[in-house]
Each structure stands twice: as structure tokens, then as C-alpha cells.
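Read through the structure below, which is laid out as C-alpha cells, and then see the notes.
Treat the numbers as computed from the prediction; the structure is a model and nothing was measured.
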Amino acid sequence: MSARVKAWLESLGDLFWLRPALVVLGCILLAQFGVWLETAHVAGYDASSPDTNWGYSGGAEGARALLSAIASSNIGVAGTTFSITIAALTLASGQMGPRLLRNFIRDGRNQTVLGIFLGTFAYALMVLRTVRTVEEDPFVPHLAITGALILALVAVGTLVWFVHHIATSINIETVVDAVQQDLCKAIAVHTRDAAGATDPGGAMGGRALAATGGGYMQAMDEDALADWAHENRVRVTLRVRPGDYVPSGFPIAFMSRTVEGAEAAILDAVTLGRRPAALQDPEYSIRQLVEIAVRALSPGINDPFTAGSVVDHLGDALCRIAPRHLQTGVVLREGHPVLVHPVTDYDGLCDAMFHMIRQNAAGSVHVLGRMLDVLARVGEVERLTDRAAELARHADLVIAAARRDVADPSDLADLEDRYRRFRAIAPVDAA
């Protein structure tokens with residue numbers, strides 16, 4: 001599957017209406033099927049004898065009243081419930097950041113709940129239109145009405161579950177854990193068991209290729225572009241990576257030599273969009289976690305415990321990276337580099353994780369101390385010297401911030417003690 005198709009499929013998850021629309025369509029088809037079973041006598045009973053039917057056994061007037069009640073109650077509950085949900089998410093976005101709302105929109109459970117309410121409404125309407133009284137050539141689809149009763153009971157249970165789900169989903173710890181799970185998946189995808197090929201270096205030369213329009217780079221079809229470069233005996237050097245914003249007309253690649261059709265091949269392998277995507281950007285989830293921590297440290301919220309929890313989760317991510325190797329951005333074909341593209345390195349990940357939190361945690365002894373503890377724990381499992389040096393650099397920055405902003409001598413002494421423990425574990429000097 002190409003990267004463009006994967007990016008398109010991921011964008012479908014942002015369409016909050018798509019899954020509910022499919023559920024409503026399924027309920028409409030189910031209603032039509034239930035009515036057809038009644039008219040075709042496939043169920044094995046006579047529709048004109050309600051006493052011998054399964055489930056609902058009332059008459060036409062009772063059926064109309066029942067279906068009308070089911071339809072009106074479900075559309076009312078759907079509107080009220082999701083109005084309350086939007087209000088709750090608005091309050092949550094003020095604390096955790098508006099970009100976190102995308103996670104709630106993409107939640108398939110929220111979409112399915114809306115589909116159940118609207119689908120039950122549509123089902124009841126489709127069955128209601130077929131009910132006829134004695135004056136209208138009587139017809140009562142008892143089997144389909146029984147289905148409406150079952151859907152109504154399912155909607156009641158869904159409402160109770162949905163209230164619980166919303167109450168737990170806007171909990172800050174639940175949100176942090178959900179984003180951290182996305183980060184763990186990204187780490188598994190973007191790391192390798194063995195080290196990759198190194199960048200051979202060399203200056204970029206040849207023709208510069210430009211994007212036809214601006215936007216965020218969402219995905220890149222690495223294999224297809226590498227195969228094309230191998231077939232044409234050229235080397236392609238990309239200048240942007242997934243997550244970067246590409247201005248209109250910006251040259252996104254250089255070729256080792258001019259080849260006909262090169263610009264079309266490169267633009268076909270690159271997917272641009274109006275917003276960043278997590279598909280191939282390992283820093284996407286990191287930015288979400290950091291935003292939660294930075295907002296928690298703002299004077300209006302002043303919640304250092306949430307920031308400390310975020311730092312713990314970021315440390316867990318670094319521990320998961322410790323035994324693995326990050327991508328190098330060099331793609332070989334027959335032992336020769338044909339594609340070189342920028343990737344996120346270990347230094348970049350650590351900078352994305354800790355810089356903004358440290359800058360906004362000035363004077364917060366709890367957060368600064370938690371950062372030193374987390375760096376020490378990561379240093380215990382990290383075995384690569386260059387990564388240990390990067391951890392030491394951030395520990396030096398943390399203790400420098402503490403010496404500058406922490407006024408209480410006892411608090412500063414505690415942070416100094418934690419810093420010495422870190423140095424005992426990871427004694428590598430920062431570069």
C-alpha cells in the first residue's frame with residue numbers, strides 16, 4: 001500500500017460523520033430487510049395474526065406510537081448528549097490544548113455511539129412508514145418492530161456506557177496514557193533492530209525540484225522513490241521530512257544529475273496536506289504530550305503534577321528506544337545509496353521532549369526534580385555513548401535552570417543531590 005493511500009485512509013479517521021453515516025445506512029438496510037421478511041412470509045407466520053408472531057404482537061396504532069416514541073427519543077438524546085459532549089471537550093481543550101481534540105474526534109467509540117442513536121432513529125422511521133391501519137389495507141411488520149425494540153434497548157445501554165466513557169476520556173491521566181500509547185506505536189514503527197546505513201555525505205548537486213503547492217508533508221513513499229532512483233541511476237536527496245511545512249515553490253529535493261520525469265516521480269512519492277499527520281512523524285505524539293505539560297505549567301492552570309506525569313511517560317518512551325536503532329534516512333539499492341532523506345535523530349527527540357518543558361518549569365522544583373530522575377532512569381538502560389552524552393547535556397541544562405531560578409536553598413540542595421546521582425549513573429560529559 002502506497003504512502004499516499006495510507007495518508008488518505010488516515011484522513012478518513014478525521015471525518016467524524018463517516019462511521020455514523022455507515023451505521024445509519026446499515027440500520028436502514030436492516031429495516032428494509034425486516035419488512036421484506038414480513039411481506040415474503042419467510043419468518044413462517046401470518047402477519048395478519050399478531051397473536052402468533054414473535055416479539056411485538058400489537059396492532060397498527062400501537063406500532064405507530066411505539067416507533068414514533070423510539071424515533072423522537074433517540075434523536076433527542078443524540079442531540080442533548082453530544083451538546084454536553086462538545087461542552088465538556090471545550091473545557092478539556094482549554095486545559096490540554098485544542099490539538100488534542102483530534103484524538104477525541106478520531107475515537108471510533110464516540111463515532112459509533114452517534115451512529116447507534118441516529119441509526120435507531122432512521123430504523124424506526126423506515127419501519128414506521130410501512131405500518132398501515134385497517135382503512136389502509138392493514139400491515140404491521142411485527143418482526144421489524146421487534147428489531148426496533150431491541151435497538152432501543154441497545155441505545156439505552158449505549159447511553160449509560162457513553163456517559164462513563166466521556167467522563168473517563170477527558171481525565172488528564174487517560175489522555176496522557178492514550179497519547180503515550182500512540183508514541184509507543186510510532187517508536188515500534190520508526191526504529192529498527194539493527195543499525196541502518198550511514199549517510200555517505202557529499203554536497204547536494206544537480207537540479208533542484210520544487211513542490212507545486214504548500215502544505216505539511218504527511219507521508220513519503222520511500223520504497224517507490226528509491227526504486228525509481230535505482231532504475232534511473234541517480235541519487236535523490238530530500239530536504240524535508242514528514243511533519244515539516246513545505247512553502248509553495250520550495251525545492252524539496254536535489255538530484256545527482258538531471259533526469260526526465262524526476263519532478264513528477266518525487267512529487268508522486270510525497271503527500272502534502274493542510275495539517276500535520278502522525279503517519280510517519282515520530283515527533284507528532286511527543287508534541288501533543290509536551291503541549292499538555294506546557295499548558296499544565298501555565299499560571300492559569302498551575303498543575304505541576306500533570307507535567308511530571310508527562311515527563312514520566314516521555315522517559316518511558318526513551319527507555320523503549322534504548323535497545324533499538326533509529327532510522328538513518330539512507331536507502332540502499334545493491335549496496336549504493338539512492339535516496340537520502342532527513343529523519344528524526346536521538347538528539348532531536350530529546351530536544352522535542354525536554355526543551356519546552358524545562359523552559360516553562362522555571363522555579364518548579366517538582367518538575368525539574370522529576371526530569372533529573374527520569375534522565376537518570378533512562379541513563380541506566382542506555383548503553384550507547386552518544387545517547388548518554390545527550391542525556392547528560394539535558395541534565396546539565398536542568399540543573400543550570402534550577403541554579404538560576406530556584407531560590408530555596410533546601411530545594412536547590414535536593415536538586416543538586418539528584419544531579420549527582422545522575423552523574424554517578426551516566427558519567428559521560430556532554431558534548
Are side-chain heavy atoms of [X] and [Y] found at a separation under 4.5 Å?
{"X": "M356", "Y": "E291", "value": "no"}
{"X": "M126", "Y": "I28", "value": "yes"}
{"X": "D182", "Y": "Y284", "value": "no"}
{"X": "V367", "Y": "N360", "value": "no"}
{"X": "R320", "Y": "C184", "value": "yes"}

Does a donor on one side chain sit under 3.5 Å from an acceptor on the other, for [X] and [Y]?
{"X": "T191", "Y": "Q327", "answer": "no"}
{"X": "H165", "Y": "N110", "answer": "yes"}
{"X": "E390", "Y": "H394", "answer": "yes"}

| message | Filter on side-chain hydrogen bond (donor to acceptor under 3.5 Å, both in side chains), then keep only pairs touching residues 65-74, sequence neighbours left out; what's left? | response | none

| query | Checking side chain to side chain donor-acceptor pair (under 3.5 Å) against S309, which of E173, R370, Q180 comes through? | reply | E173

| request: Report the distance from atom OG1 of T344 to atom NE2 of H190, rounding to the nearest 0.5 Å. | output: 8.5 Å

| task | Quick one: pull up CE in M217 and CG in D281 and give me the separation to the nearest 0.5 Å. | result | 10.5 Å

| message | Ring-plane angle category for F422 and Y419, please: parallel below 30°, perpendicular beyond 60°, tilted otherwise. | response | parallel

| Relative to each other, are the rings of Y216 and Y245 parallel, tilted or perpendicular (30° and 60° limits)? | perpendicular

